[in-house]
Amino acid sequence: MSQAAAPILITGGAQRIGLAMVHHFIARQQPVILTYRTRHQVIDELETQGVTCIHADFDEPDTITKLTTDIRSRTNTLRAIIHNASSWDCEANNPDYATLFDNMMRIHAKVPYLINQALGELLADDDAIGDVIHITDYVVEKGSPKHIAYAASKAALDNLTRSFAAKFASKVKVNSIAPSLIIFNQDDSEQYKAKTLKKSIMGIEPGSKEVINSVEMILNSNYMTGRTIQIDGGRHLR
Ligand SMILES: NC(=O)C1=CN([C@@H]2O[C@H](COP(=O)(O)OP(=O)(O)OC[C@H]3O[C@@H](n4cnc5c(N)ncnc54)[C@H](OP(=O)(O)O)[C@@H]3O)[C@@H](O)[C@H]2O)C=CC1
Ligand SMILES: Nc1nc2c(c(=O)[nH]1)N=C([C@H](O)[C@@H](O)CO)CN2
């Protein structure tokens with residue numbers, strides 16, 4: 001019997017872009033382990049489809065140790081780790097800037113750093129190159145006056161890409177995907193949507209498929225590492 005394919009670990013896989021990635025991979029029989037914080041109804045469906053769904057609230061202490069120990073008890077190899085979990089919080093909603101900054105750095109930099117350190121060796125399979133993918137943001141290159149702590153934390157994640165690419169080579173590649181608008185949030189106003197669409201020269205809400213295409217390009221490469229795929233509709237040209 002052929003050995004089961006090594007699973008892909010996706011953090012924050014219970015909604016939106018993370019969930020779209022999960023559905024994409026199970027549609028092509030690629031095993032997935034996902035983490036979720038909120039038990040959205042879809043988790044029940046995914047578990048019946050054989051997806052390993054592990055609860056992990058990264059704001060809680062010891063979560064990383066519990067998560068990585070759990071994952072190691074389930075598998076001794078991983079095809080890829082996709083760091084997708086994120087909180088798009090901002091200074092306008094959080095006058096306690098110290099707490100906001102700590103929260104942003106934790107979810108976007110400390111969590112990927114600790115998971116990579118704890119599970120990186122599971123990626124180094126003799127038969128195939130492993131991948132770590134950091135989902136960053138266009139604001140890494142430009143900054144964001146309304147999401148200062150968020151942008152700084154994503155910039156930290158961007159830097160981790162180069163450090164881990166050097167640390168893990170040559171059996172494991174590490175790359176970033178830096179999106180700007182991919183999908184709006186349900187509570188986004190029409191005014192906000194119109195303003196946001198004007199920020200890029202493509203002027204569209206492209207959808208999660210853009211991220212999935214970039215993930216697949218990285219997974220299919222045997223050469224690209226320490227680099228960033230920027231899917232931002234030409235925002236830098238405005
Ligand atoms: N949407 C967009 O247009 C853009 C997205 N990006 C990036 O793409 C990625 C996916 O974006 P999107 O799907 O919109 O992300 P979401 O804002 O929907 O968040 C993704 C997931 O992160 C999880 N999460 C948040 N905080 C925590 C925490 N403390 N512990 C555990 N899980 C947590 C949430 O879990 P739960 O729901 O279970 O609570 C959620 O499912 C993110 O990294 C984002 O920064 C970048 C640019 C544009
Ligand atoms: N975790 C999240 N990060 C980001 C989101 C989001 O919904 N969740 N959304 C954006 C915006 O789409 C922005 O790129 C355009 O206004 C950025 N990051």
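Counting starts at 1 for both ligands and their atoms, in listed order.
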- Message: Pairs of nitrogen or oxygen atoms closer than 3.5 Å, one from Y150 and one from ligand 2: do any exist?
- Response: yes
- Is it true that K154 and E141 make a salt bridge, defined as a side-chain N closer than 4.0 Å to a carboxylate O? no
- Item | ligand 2 atoms in contact with S180 (distance to a heavy atom under 4.0 Å) | 14 (O)
- Note on the structure: The protein heavy atom nearest to atom 8 (N) of ligand 2 is W88 CB, 3.7 Å
- Query: Looking at V139 and S144, what are the two nearest heavy atoms and their distance?
  - Reply: CG1-CB, 4.0 Å
- Item | Which atom of A85 lies closest to which atom of G12, heavy atoms considered | CB-N, 3.8 Å
- Query: If you count the atoms of ligand 2 from 1 in the order shown, which ones are under 4.0 Å from a heavy atom of S86?
  - Reply: 1 (N), 2 (C), 3 (N)
- Query: What atoms in ligand 2 come closer than 4.0 Å to a heavy atom of Y192?
  - Reply: 15 (C), 16 (O)
- State whether the shortest distance between N or O atoms of T196 and N or O atoms of ligand 2 falls below 3.5 angstrom. no
- Note on the structure: Nearest heavy-atom contact between N185 and D188 is N-OD2, 2.6 Å
- Task: Given salt bridge (Lys or Arg N to Asp or Glu O under 4.0 Å), test K195 with E190 step by step and report yes or no.
- Result: CA-CA 9 Å; K195 183 185 71 169; E190 290 309 311; over 6 Å; no
- Which value, rounded to the nearest 0.5 Å, describes the distance between T77 atom OG1 and L122 atom CG? 7.5 Å
- Message: To check you understand the geometry: which heavy-atom pair defines the closest contact between I148 and P145, and what is its length?
- Response: CG1-O, 3.5 Å
- Task: Enumerate the atoms of ligand 2 whose separation from the nearest heavy atom of D137 is less than 4.0 angstrom.
- Result: 17 (C), 18 (N)
- Numbering the atoms of ligand 2 from 1, which are under 4.0 Å from a heavy atom of L181? 12 (O), 14 (O)
- Message: Looking only at distances, can you tell me whether any N or O atom of K199, backbone or side chain, sits closer than 3.5 Å to an N or O atom of ligand 2?
- Response: no
- Query: Mind checking whether I10 and I182 sit in one hydrophobic cluster, side chains of I, L, V, M, F, W, Y counted as touching below 4.5 Å?
  - Reply: yes
- Distance col, row Q230:CD vs I177:CD1, nearest 0.5 angstrom, shows 11.5 Å
- Task: Among H108, R106, H147, K110, find the residue that satisfies the side-chain hydrogen bond (donor to acceptor under 3.5 Å, both in side chains) test when tested with S153.
- Result: H108
- Message: Counting only heavy atoms, tell me which of N185, N84, D188 gets closest to atom 7 (O) of ligand 2.
- Response: N185
- Tell me the residues surrounding ligand 1, counting only those with a heavy atom closer than 4.0 angstrom, sorted by chain and number. G12, Q15, R16, I17, R37, T38, H40, A56, D57, F58, D59, N84, A85, S86, I107, I135, T136, D137, Y150, K154, P179, S180, L181, I182, I183
- Sequence neighbours excluded, every pair satisfying salt bridge (Lys or Arg N to Asp or Glu O under 4.0 Å) that has a member inside residues 209-237: R28-E216
